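Taking it in order: structure first as structure tokens, then the write-up.
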Amino acid sequence: MKANATFYIDKKPSKTITAGNAELKSLTVSGYTVKQSGSDYSVTVPYDTKSITANITLSDTSSKLLIDNASKTSASNISLNLKGLKSVYDIKVSASDQLTSKSYTLTVTKDYSKYSFVGGTILTTFNFEDNPDSAVAVTKGTTAQAEVASPGYTYSAGVNNGKAINLPGTYGLKLLDDATVLGDTYTVSYWMKPTVLKGGVDPTFCGGTFSPEKWVNLTYETPIWSNLGGYKYSEPQSLAGLYEANKWQHVALVVNSGKGTLYVNGIAVATSAYLTGIMTSSGAKAFFGVNGWDAYFEGALDEVIMWTSALSADDVAALAAGTVTCDSLTAK
């Protein structure tokens, strides 16, 4: 059986197809002033704000609204829970023609200028103001890390109007020769600016022993990687794009009774339940940018602070916001 088909040449469609309207007409946040730059919206709120209420006006009321890929049945009184120092929401408007769409962002930043830092007992600080403080340049090794005889330390502009130490990718820094003083409850905070993002096993902060292997390693892809007689991984195990090259970012590892939380720029990104007994192991040390085997960190490091206590999420956010600094803490 043959099928019949009809073709039309040079014949205009009976109805003109027009592009849909995916414009976001306005975005407000109840109680706060919203700033707009193109398709990006931003608002600053007090540090203790837990959520905000957003109201969006669409040019085409029949278009669809998604926030972080979740469909919204109404553009009014949208409640958004905040996530640490800075929360970024992806907004997508899809026009009624089901072809046209446009993306926007809403960034909510918490203001920690009036926050009272709690902290705890500071074990040590490394401010790197044209000197390495008590840090020592070492090369990698499983049983011992050889000190570099003439490291030729150099310094560059750091965070909070200070200096930072430059690490050339040929050695790392030993921060603590005896890390057992940290115990199973501690916090390590630092600012880093990697010029090169190394591989998934290569270290930023690292501590413990390499022979026998009882260590914790903060890497570029596995947020918290540890070894306690076998590899243990954080949740999530892998997080691509965790760090950025040539940009300062604040990192904090908070360990409370052997359970750790990793914060990047004031936001909790990963947890691990496998850190008990690492720093308390005989011979445990603490390093930055070096472990027993892998590639050295390459970039700049500033304001390393260690506490023998577990900082709160707000304490970490205040450090990441720059309202609490190494100078402000050591001046007390």
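Note that the structure is predicted; figures quoted are calculated from it, not measured. Quick note: residue numbers are just sequence positions, from 1.
Between Y112 and L85, the closest side-chain pair of non-hydrogen atoms falls below 4.5 Å. V45 has its side chain within reach of Y32: a pair of non-hydrogen atoms, C-beta onward, lies under 4.5 Å apart. Taking the side chain as every heavy atom from C-beta outward, M306 and L176 approach each other to under 4.5 Å. The shortest distance between side-chain heavy atoms of K86 and T107 falls below 4.5 Å. Within the 4.5 Å cutoff, the side chain of Y186 has heavy atoms near those of the L253 side chain. The side-chain heavy atoms of T139 and V148, taken from C-beta on, include a pair separated by under 4.5 Å. Side-chain contact between F297 and P194: present, with at least one pair of heavy atoms (C-beta onward) separated by less than 4.5 Å. For the pair V29 and T53, the minimum side-chain heavy-atom distance is 4.5 Å or more.
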For this session: Please lay out, stage by stage, how Y155 and F128 fare under the test ring pair (Phe, Tyr, Trp, His ring centres under 6.0 Å).
Result: CA-CA 8 Å; Y155 304 87; F128 300 125; 7.5 Å; no
Problem set entry | Residue pair N55, S30: steps toward the side-chain contact (heavy atoms from CB on, under 4.5 Å) verdict | CA-CA 8 Å; N55 290 279; S30 300; 3.5 Å; yes
Problem set entry | Working for side-chain contact (heavy atoms from CB on, under 4.5 Å), residues L262 and V251 | CA-CA 7 Å; L262 180 67; V251 182; 3.7 Å; yes
Problem set entry | Audit row: T219, N217, side-chain hydrogen bond (donor to acceptor under 3.5 Å, both in side chains) steps and yes/no | CA-CA 6 Å; T219 80; N217 197 19; 6.0 Å; no
Exercise. Are C326 and N127 close enough, and set up right, to give a side-chain contact (heavy atoms from CB on, under 4.5 Å), and what steps lead you there?
Worked result: CA-CA 7 Å; C326 195; N127 216 3; 3.6 Å; yes
Exercise. Checking side-chain hydrogen bond (donor to acceptor under 3.5 Å, both in side chains) for the pair N160/D327: CA distance, chi angles, key distance, verdict?
Worked result: CA-CA 9 Å; N160 303 318; D327 283 342; over 6 Å; no
For this session: Dump the intermediate steps for side-chain hydrogen bond (donor to acceptor under 3.5 Å, both in side chains) on Y115 and D315, then the final yes or no.
Result: CA-CA 9 Å; Y115 175 70; D315 280 349; 2.6 Å; yes
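Taken together through direct or relayed side-chain contacts under 4.5 Å among Ile, Leu, Val, Met, Phe, Trp and Tyr, Y104 and I52 form part of one hydrophobic cluster. Hydrophobic clustering (side-chain heavy atoms under 4.5 Å, transitive across Ile, Leu, Val, Met, Phe, Trp, Tyr) groups V324 together with W307. Under the 4.5 Å side-chain heavy-atom criterion for Ile, Leu, Val, Met, Phe, Trp and Tyr, F126 and L167 are members of the same hydrophobic cluster. Following chains of ILVMFWY side-chain contacts shorter than 4.5 Å, one cannot reach I305 starting from V188, and the two form parts of different hydrophobic clusters. Both M192 and L173 are members of a single hydrophobic cluster when ILVMFWY side chains are connected at heavy-atom separations under 4.5 Å.
Looking only at distances, a side-chain donor or acceptor of S281 sits under 3.5 Å from a matching main-chain atom of G277. Put simply, the side chain of S272 gets close to the backbone of Y274: a donor and an acceptor are under 3.5 Å apart. Looking only at distances, no side-chain donor or acceptor of T142 sits under 3.5 Å from a matching main-chain atom of G292. For the pair S74 (side chain) and S76 (backbone), a donor-acceptor distance under 3.5 Å is present. Side-chain atoms of T49 never come within 3.5 Å of backbone atoms of S51 as a donor-acceptor pair (strictly under, hydrogens ignored). Side-chain atoms of Q36 come within 3.5 Å of backbone atoms of G38 as a donor-acceptor pair (strictly under, hydrogens ignored). A donor-acceptor contact shorter than 3.5 Å is absent between the side chain of T44 and the backbone of D111.
Listed here is the closest heavy atom pair of A295 and P203: O-CD, 3.2 Å. Among all heavy-atom pairs drawn from A300 and N166, the shortest one is CB-OD1, 3.9 Å. Across all non-hydrogen atoms, the minimal contact from D302 to V159 is OD2-N, 3.0 Å. Between Q237 and P223 the shortest heavy-atom distance is O-CD, 3.5 Å. Closest of all the heavy-atom pairs between K214 and I278 is O-CG2, 3.5 Å. Between A135 and Y153, the closest heavy-atom pair is O-OH, 4.0 Å.
Residues satisfying the side chain to side chain contact (heavy atoms under 4.5 Å, CB included) criterion with A310, sequence neighbours excluded, are T185, V254, N256.
The cationic group of K140 lies under 6.0 Å from the six-membered ring centre of Y296 and within 45° of the ring axis, placing it in a cation-pi geometry.
In the displayed structure, K247 atom NZ is contacted under 6.0 Å by at most 12 heavy atoms of other residues, nucleotides or ligands. Summarising the local packing, OH of Y243 is surrounded by more than 12 heavy atoms from other residues, nucleotides or ligands at distances under 6.0 Å. No more than 12 heavy atoms of other residues, nucleotides or ligands lie within 6.0 Å of CG in N69, so this atom counts as exposed by the packing criterion.
With respect to F287, the ring pair (Phe, Tyr, Trp, His ring centres under 6.0 Å) criterion is satisfied by exactly one of F210, F205, Y190, Y171: F210. Tested against L106, the residues L80, D90, V88 include a single side chain to side chain contact (heavy atoms under 4.5 Å, CB included) partner, L80.
Checking D60 against S62 by side-chain atom types alone, a donor-acceptor pair falls below 3.5 Å. Inspection of the T57 and S26 side chains reveals an N or O donor paired with an N or O acceptor under 3.5 Å. Side chain to side chain, D40 and T105 meet the donor-acceptor criterion of an N or O pair below 3.5 Å. Side chains of D314 and S312: no donor on one and acceptor on the other come within 3.5 Å.
Atoms NZ and CG, from K163 and N131 in turn, are 10.5 Å apart once rounded to the nearest 0.5 Å. The CH2 atom of W215 sits 7.0 Å away from the SG atom of C206 when rounded to the nearest 0.5 Å. To the nearest 0.5 Å, atoms NZ (K64) and OG (S101) are separated by 12.5 Å. Note that CG of L197 and CG of D202 are 10.5 Å apart. Values are rounded to the nearest 0.5 Å. To the nearest 0.5 Å, atoms OH (Y47) and NZ (K110) are separated by 10.5 Å. In this structure, the separation between OG1 on T61 and NZ on K25 is 10.0 Å, given to the nearest 0.5 Å.
Proximity of the aromatic rings of W225 and Y231 is defined here by a centroid distance below 6.0 angstrom, and this criterion is met.
Under the 4.0 Å criterion applied to side-chain N and carboxylate O atoms, D177 and K174 are assigned as salt-bridge partners.
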